Amino acid sequence: MQGRSDDLGLSSTSSAACRSRRLEDRAIARALGIIERRAASDGCLMSDPESAAQFFRLRLASEPREHFEVAFLDNRHRLLAVERLFSGTIDQSEVHPRIVVQRALALNAAAVMLAHNHPSGDVQPSSADRSITGRLKGALALVEIRLLDHFVVTNLAAVSMAAKGMV
């Protein structure tokens, strides 16, 4: 008599792969916690675009749906908080500038960095990405909060829109 896992088409190999993935996910979550604590304590993490890109890549690269995150920074660009404000489908996420501004004000942020992932793997900013970046920059500027960068993240890379002159 075969076991239940064989009846479902599951093998012990796939179960082992699932356990391995869960262990890796927990290790990544612990690493992100360490990175966030270090960033909050010494302020070095968000001091350059490459470090910020790596930070967001760790957080967003493997997500199967599009997510939009914001790093809230003080006037010396030290990390106050990072929050996932919006989640969407496999190819879009609806972003509301009002919510981003509200959170920035609540955290007394002087600047922000934005990031979202493209599960499709296309690292190029879309016209919608450029549009929301402009809307957010304008909304944040009204309350004297600087938009420093917006990153597009995939499994293979994170692209700075500021480096491309799009912020």
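As the structure is a prediction and not an experimental result, all values here were calculated from the model. When a residue number appears, it is its place in the shown sequence, counting from 1.
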With heavy-atom distances below 4.5 Å as the criterion, would you say the side chains of [X] and [Y] are in contact?
{"X": "Arg135", "Y": "Val95", "result": "no"}
{"X": "Met161", "Y": "Val152", "result": "yes"}
{"X": "Thr154", "Y": "Asp122", "result": "no"}
{"X": "His150", "Y": "Ile132", "result": "yes"}
{"X": "Met113", "Y": "Phe55", "result": "no"}

Has [X] got a side-chain atom pairing as donor or acceptor with [Y]'s backbone, closer than 3.5 angstrom?
{"X": "Asn117", "Y": "His67", "value": "yes"}
{"X": "Asp149", "Y": "Ser160", "value": "no"}
{"X": "Arg146", "Y": "Val112", "value": "no"}
{"X": "Ser20", "Y": "Ala16", "value": "no"}
{"X": "Arg130", "Y": "Pro125", "value": "yes"}
{"X": "Asp74", "Y": "Ala110", "value": "no"}

Give a yes or no on whether [X] atom [atom1] has more than 12 heavy-atom contacts from other residues, nucleotides or ligands under 6.0 Å away.
{"X": "Glu50", "atom1": "CD", "result": "no"}
{"X": "Asp91", "atom1": "CG", "result": "yes"}
{"X": "Gln102", "atom1": "CD", "result": "yes"}

Hey, could you give me the [atom1]/[atom2] distance between [X] and [Y], rounded to the nearest 0.5 Å?
{"X": "Glu69", "Y": "Ser93", "atom1": "CD", "atom2": "OG", "answer": "10.5 Å"}
{"X": "Asn155", "Y": "Glu63", "atom1": "CG", "atom2": "CD", "answer": "10.0 Å"}
{"X": "Ile99", "Y": "Glu83", "atom1": "CD1", "atom2": "CD", "answer": "11.0 Å"}

Mind checking whether [X] and [Y] sit in one hydrophobic cluster, side chains of I, L, V, M, F, W, Y counted as touching below 4.5 Å?
{"X": "Val167", "Y": "Leu85", "value": "yes"}
{"X": "Leu147", "Y": "Phe86", "value": "yes"}
{"X": "Leu105", "Y": "Leu114", "value": "yes"}
{"X": "Ile90", "Y": "Leu60", "value": "no"}
{"X": "Val70", "Y": "Val159", "value": "no"}

Please find the pair of heavy atoms, one from [X] and one from [Y], that lie closest to each other, and give the distance.
{"X": "Ile145", "Y": "Ala104", "value": "CD1-CB, 3.5 Å"}
{"X": "Leu80", "Y": "Ala109", "value": "CD1-CA, 3.8 Å"}
{"X": "Val153", "Y": "Arg57", "value": "CG1-CA, 3.7 Å"}
{"X": "Pro97", "Y": "Ala139", "value": "CB-CB, 4.1 Å"}
{"X": "Arg22", "Y": "Arg19", "value": "NH2-CG, 3.1 Å"}

Aromatic ring proximity, centroids under 6.0 angstrom, His96 and Phe68: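 They do not qualify: ring centres at least 6.0 Å apart.
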Going through the checks in order, is the side-chain contact (heavy atoms from CB on, under 4.5 Å) test met by His118 and Glu66? CA-CA 6 Å; His118 281 181; Glu66 193 165 300; 3.9 Å; yes
